[in-house]
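A short worksheet on the structure shown next.
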Amino acid sequence: MTHILVQRSDRILEIELARPGKKNAITADMYAAMSDALASADADANVHVVFLHGQADLFSSGNDVAEFLDPALRERGEGQRFVRTIAATRTPIVAAVGGVAIGVGATLLLHCDIVVASDEAQFQFPFVTLGLCPEAGSSLVLPQLAGHRRAAALMLLGEPFDAHQGRDAGMVTEVVPTAQLMARGRALATRLAAQPRDALFTTKALLRRPLADVLPGQMDAELVEFERLLTGDAARETFRAFLARRGRGA
Ligand code: COA
């Protein structure tokens with residue numbers, strides 16, 4: 001069971017994070033399934049848009065914390081393959097965010113093109129508090145969207161923020177009531193699906209071109225520091241404390 005549901009209809013490839021019992025925490029298998037789905041969207045001339053979402057009240061609590069402590073899983077490199085794949089995906093991505101979007105559950109949104117959030121969504125970049133540093137190119141993209149001052153506060157303090165603050169920071173396109181979240185996300189995806197594909201893809205590529213040149217280098221730098229901090233005492237202690245408080249397993 002990958003906990004990622006993928007379906008295609010009417011030029012839309014839909015990806016659903018579906019592990020609600022674990023707050024949609026993302027495992028290596030889930031990263032792999034999402035990377036493959038994004039690659040299949042790019043390879044399919046009939047797909048014009050990706051629609052990415054969890055449930056109306058839940059997006060993702062980020063990387064599965066238990067897997068952070070498993071070197072064999074990290075060596076598979078699926079987390080890195082995913083963040084590099086989503087950053088390079090040529091197909092426009094619409095995301096619908098309800099509930100928590102934490103860690104990579106928030107940083108992956110920086111690589112989506114339209115982000116609709118429910119008025120109950122809650123975002124967080126908790127990396128520093130966990131003894132880690134930003135990943136997924138977020139140390140480059142967030143300051144670009146939000147400005148250095150606001151990005152520094154969000155990253156260094158690591159506090160949760162709501163959808164309106166997310167919109168002010170340039171991360172969220174539009175805030176809607178929770179009951180309208182999925183319908184609004186799907187309506188925007190449908191609207192993009194009706195646009196001419198070449199013009200759509202070319203425009204996305206041009207919008208992201210300045211970033212595309214520098215993003216891989218920043219991701220490399222983040223990865224070196226992230227891996228170093230991950231084996232440090234501060235990070236290992238916070239993860240152990242989290243897992244000790246709660247049960248493990250699928
Ligand atoms: N990795 C692994 N398991 C996770 C998880 C994660 N990132 N987030 C939640 N879970 C699991 C919990 O361990 C719990 O499992 P259990 O029922 O087997 O005990 C289950 O999901 C429900 O989570 P719980 O913490 O009981 O729900 P909550 O509503 O009290 O809190 C969160 C929700 C998201 C605020 C809280 O789970 C949390 O802080 N998660 C960790 C977020 C994080 O640090 N992510 C890593 C970023 S780098």
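The first residue of the sequence shown is numbered 1, and numbering continues consecutively from there. Order of appearance sets the numbers: ligands from 1, and atoms from 1 within every ligand.
- Annotation for Asp70: atom CG counts as buried by contact number, over 12 foreign heavy atoms lying within 6.0 Å.
- Ligand 1 has at least one atom lying under 4.0 Å from a heavy atom of Gly21.
- Remark: Arg240 fails to qualify as a cation-pi partner of Phe242 under the 6.0 Å distance and 45° angle criteria applied to the six-membered ring.
- Judged purely by distance below 3.5 Å, without hydrogens or angles, the side chains of Glu78 and Ser35 never pair a donor atom with an acceptor atom.
- Distances from atom 11 (C) of ligand 1 to the heavy atoms of Glu67, Arg245, Lys22 show the closest one on Lys22.
- Of the possible polar contacts, one joining the Glu67 side chain to the Ala28 backbone as a donor-acceptor pair under 3.5 Å is found.
- Criterion: ILVMFWY side-chain heavy atoms under 4.5 Å apart, direct or through other members. Under it, Val141 and Val97 are part of a common hydrophobic cluster.
- At a 4.0 Å heavy-atom cut-off, ligand 1 touches Ile102 through the side chain alone.
- If you number the atoms of ligand 1 from 1 as listed, the ones under 4.0 Å from a heavy atom of Leu130 come out as 44 (O), 47 (C), 48 (S).
- At a heavy-atom cutoff of 4.0 Å, ligand 1 is contacted by the side chain of Ala25 but not by its backbone.
- Comparing Ser61, Gly62, Gly158 by heavy-atom distance to atom 45 (N) of ligand 1, the nearest is Ser61.
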